[in-house]
Protein chains: 2
Amino acid sequence: MPGIEAVAKLAGVSTATVSRALSGNGHVSPSTRVRVHEAARELGYVVSSSASSLASGRTKNVGVVVPFLSRWFYSSVLEGAGAALLRNGYDLTLYGLSGGDDERTSVFEHFLLRKRVDAVLALTIELNESELQSLLDLHKPIVGIGGPLKGVQTLSVDDVAVAMLATEHLLGLGHTRIGMIGGASRFELDFHLPTNRRAGYEDALRLAGVQPDPPLFRPADFTIRGGYEAARELLVDPPNRPTAIFAASDEMAIGSILAARDLGLSVPRDVSVIGIDGHEHSEFFGLTTMAQFPRRQGEQAVEMLMDRLHPGRRDPLPTNIPLPVELIVRTSTAPPAG
Amino acid sequence: MPGIEAVAKLAGVSTATVSRALSGNGHVSPSTRVRVHEAARELGYVVSSSASSLASGRTKNVGVVVPFLSRWFYSSVLEGAGAALLRNGYDLTLYGLSGGDDERTSVFEHFLLRKRVDAVLALTIELNESELQSLLDLHKPIVGIGGPLKGVQTLSVDDVAVAMLATEHLLGLGHTRIGMIGGASRFELDFHLPTNRRAGYEDALRLAGVQPDPPLFRPADFTIRGGYEAARELLVDPPNRPTAIFAASDEMAIGSILAARDLGLSVPRDVSVIGIDGHEHSEFFGLTTMAQFPRRQGEQAVEMLMDRLHPGRRDPLPTNIPLPVELIVRTSTAPPAG
DNA sequence: CTGAAAGCGCTTACAG
DNA sequence: CTGAAAGCGCTTACAG
């Protein structure tokens, strides 16, 4: 592993010039530039990140804090963020918080403080006061995805609007008895997503002159099984049965489709189902959904971070652009029968 | 952000002693130890990772190379590895290879070389010669998961054995016409997993005196949809229909269950289905499966790495212990009808 | 545009 | 058990 000195020697310049030529910071004459690059590649020289970080105060590394990894949404965001960071020459250091409270504490009180990162991306994670404070104390750019974090630039879908659009799709097809499978209140932690999606659903109903009927709302846990059980309860009782179900996640919507089938009901003839996510499995189940694009969310968050890390490098992305969502109509929704 | 000097001053010792007391390298008297720790916590001191790395040559960071993130298996392994690294005081730098070839090349030729990591974990990823060589040239501990990597310590399930066990479960129930949905050859890349699982299936049949029937084997792509379509082909033709299906992944097995239902067949009465994985959704579908435990695989790989990074710290894990798999019998398998 | 030199904040032989 | 000091490999004012 050759050092910068070897490159300098081979190129016949000082190490200062090598550093400038390779990093692009500071001016170097074109011909020197070329010579230095050639020498570097001939020797297989790659800068030592710790030496470079120590000297410059920049790490070329971004910390990403994630609550869960083994869920499609999070891992998709992470995938997008990782690809975008790579393109920008940054490493990604991952801090998973799926462990216990002790692990969580150590991430905020120890790991993130060792100056290993230039910036932090917080994925859909509600932070308590002291966690937020230790992030802010880093005095580094932070971007959050998924909900408001006080004092932090965040990127999030408008949950109320998304739920309204989903509900309006069903209303537009002629449904009026529309059930909702929403988030249980213990997921409230997650930026009031359950409350907001329920609010959007009820707002849309009222706007259409339909009075929300509380028994048509069922809380669940965002999983297929949870959606299955909630849908069963909604659908088991023919006289009161809704003609359509809006589920706050695609997994719960898929559970609803399976529950309907098991009850001998046909989707969409007997009951329409719409979800939110654009989950990888939604297409297979013919699920109509409000797609949010998690990969793109991750990429966009990184771009915002890059704008802050390299101001003036280009026109920055506008702050607070709402995240894109898109209604994808498949075969799980149709006008109500008869 | 106080430095080591501030801690030294407050504790009334030299920076050398602070370093030794905090890192645990080298002897420090108990009372000094306590004083240093108190001073450090009073000041909120956390070591600068770049300074420490530069001086010591150790980064306390492990690079993890992953082909995909948004798939359950990979993200579960990653979650396990991340938790285990955290417990050991290590950071995890993630290199996702889901992008194009250029990104892939830059990971191996640039990112991994900047001395940011002490060791590398390669998750279920087939490397070409030059990629492998650049890993080996790092002269750092490497552990692979998922298949043999020449010159690298690897952790993998015995695919032949797992497939045999799955097939034997069906044979034991009395099935003899057993179909298999395996991997298409383009997934061969993945350590011959398709070939090995097929071999295990055929071996088990032959051992039981059953001649493998080529039309009963269908290749697919490991997804629900792929399994669905393959199962449809297997099941659509009553006279030749198998009484049981062994799918090389749980997602394909779930697709098979759904296909059977859509054909009006009952699982397990008309057809039994078994998968491999222990996927998070397998329980919901009542799927009998050969569970492999990806989270644990990730943890175990990290322990092997730690044994190499800190020799003598404890008794090392035995090399080449086979990864645990476990038959989980649910409701998708039963003796053949009639 | 380029170089000499200080300095980034630690760790670790070396000496006692 | 502890300290003084060299050194890890870069970057960047500063000067020219």
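No hydrogens, no waters, no symmetry mates; every other heavy atom, side chains included, goes into these values.
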Send over the distance from B/Arg20 CZ to D/dA4 C1', rounded to a whole Å. 11 Å
Side chains of A/Ser53 and A/Ser50: is there a donor and an acceptor less than 3.5 Å apart? no
Quick one: closest heavy-atom pair of B/Ile145 and B/Ala301, and the distance? CD1-CB, 3.6 Å
Please tell me if B/Ser14 has a side-chain N or O lying less than 4.0 Å from either OP1 or OP2 of D/dG3. yes
Rounded to the nearest Å, what distance is computed from the NE2 atom of residue B/His27 to the C1' atom of nucleotide D/dG3? 17 Å
Can you check the B/Leu22 CG to C/dC10 C1' distance for me, whole Å? 12 Å
Which of the following nucleotides, D/dG3, C/dG7, C/dC10, is nearest to the side chain of A/Ala55? C/dG7
Check whether NZ of the Lys or CZ of the Arg B/Arg71 lies under 6.0 Å from the centre of the six-membered ring of B/Tyr74 and within 45 degrees of that ring's axis. no
Under 4.0 angstrom between B/Ser29 side-chain N/O and D/dC1 OP1 or OP2: no
Please classify the nucleic acid contact of A/Arg58 as base, sugar-phosphate, or nothing, using heavy-atom distances under 4.0 Å. sugar-phosphate
Using the P atom as the point on both nucleotides, what is the distance between C/dC14 and C/dC10, in whole Å? 24 Å
Whole-Å distance, B/Lys9 NZ to D/dG3 C1', equals 15 Å
Quick one: label B/Thr32 by what it contacts on the DNA or RNA (base, sugar-phosphate, nothing), any heavy atom closer than 4.0 Å. sugar-phosphate
Can you run down the side chain to side chain donor-acceptor pair (under 3.5 Å) pairs that involve residues 14-23 of chain B, sequence neighbours left out, and say none if there aren't any? B/Ser14-B/Thr17, B/Ser23-B/Asn25
First of B/Ser31 and B/Lys115 reached from the 5' end of DNA chain D, by closest nucleotide: B/Ser31
Integer-rounded Å distance: D/dC10 P and A/Leu43 CG: 12 Å
Selection from D/dT11, C/dC10, D/dG9 that lies nearest to any side-chain heavy atom of A/Ser48: D/dG9
Of the nucleotides D/dT11, D/dG9, D/dG3, which has the atom closest to the B/Ala16 side chain? D/dG3
Looking only at the side chains, is there a donor atom on one of B/Asp118 and B/Thr59 sitting less than 3.5 Å from an acceptor on the other? yes
Which of C/dT12, C/dT2, D/dT12 is nearest the side chain of B/Ser19? It is C/dT12
What is the base-pairing partner of C/dG3, counting Watson-Crick and G-U wobble geometry with both distances under 3.5 Å? D/dC14
Walking DNA chain D from its 5' end, the first of A/Val18 and B/Thr17 to be reached, judged by nearest nucleotide, is B/Thr17
Can you tell me the distance, in whole Å, between the CG atom of B/Asn25 and the C1' atom of C/dT12? 10 Å
What is the distance from CG of B/Leu54 to P of D/dG9, rounded to the nearest Å? 7 Å
Report the distance from atom CD1 of A/Ile4 to atom C1' of C/dG3, rounded to the nearest whole Å. 13 Å
